[in-house]
Amino acid sequence: MPISTAKEKFVHELADLYDAEHQFLEGQRQMQRRASDERLRTMIMEHIAQTEDQIKNLEQVFGVVGEQPKRESCSGAKGLVEEAAKMMAEAARPEICDAMLGGAAAKVEHYEMVSYADLITGAELMGQTKAIKLLKANRDQEVKTARRMERAGPRLLKRALGQSGGQSKKPKRS
Ligand SMILES: [Fe+2]
């Protein structure tokens with residue numbers, strides 16, 4: 001269906017992000033199963049719980065604009081989740097896998113941050129105060145998670161490279 005009004009654009013993007021959050025929820029569950037670093041696993045676990053709440057918030061946003069929740073297949077999210085799955089499959093060691101997962105998770109959060117920013121602008125233009133509040137709550141969680149993942153990146157990379165101050169094992173000589 002052609003999109004011709006600000007509301008139609010908003011609802012389309014909302015449905016897109018609603019689908020993306022579902023895809024990321026499943027993607028994070030896979031990441032959490034593969035993560036070996038305790039802190040990384042905890043971060044992912046905490047964000048899984050937040051994502052479940054974010055999905056409920058999006059359902060409320062559909063409600064306040066007078067729509068039923070619906071998923072519009074999000075190709076951007078699909079690509080990010082596939083990319084992460086590929087990296088998990090290709091990592092030769094758990095430490096490498098963790099470093100790659102941290103990067104993949106940060107990319108997902110940035111995708112979400114920009115998507116929420118667009119929706120917030122749309123809700124502001126439509127004067128949808130309740131929707132703005134719900135969308136900002138989700139956006140703020142994504143921003144915090146992105147920062148946490150970014151901060152974890154160098155530590156995970158050093159660990160993967162065996163530079164974590166004696167914690168890592170020397171590679172075995174064959
Ligand atoms: Fe997120």
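Whatever order the structure lists ligands and atoms in, that order sets their numbers, starting from 1. Everything numeric in this text was worked out from a predicted model, so none of it was measured. What's counted below: heavy atoms across the whole structure, side chains too, no hydrogens, waters or symmetry copies.
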Glu38 bridged to Arg155 by N-O distance under 4.0 Å:
no

Nearest N/O/S atom of Glu142 with respect to the Fe ion (ligand 1), by atom name, please.
OE1

To the nearest 0.5 Å, what is the distance between CG (Leu134) and CG (Asn57)?
5.0 Å

At less than 2.8 Å, would any N/O/S atom of Glu112, backbone or side chain, sit next to the Fe ion (ligand 1)?
yes

Ignoring hydrogens and geometry, is there a side-chain-to-backbone donor-acceptor pair from Asp19 to Cys74 under 3.5 Å?
yes

Backbone of Gln54 reached by a side-chain donor or acceptor of Asn138 within 3.5 Å:
yes

If you consider just the N/O/S atoms, which atom of Glu109 is the closest one to the Fe ion (ligand 1)?
OE1

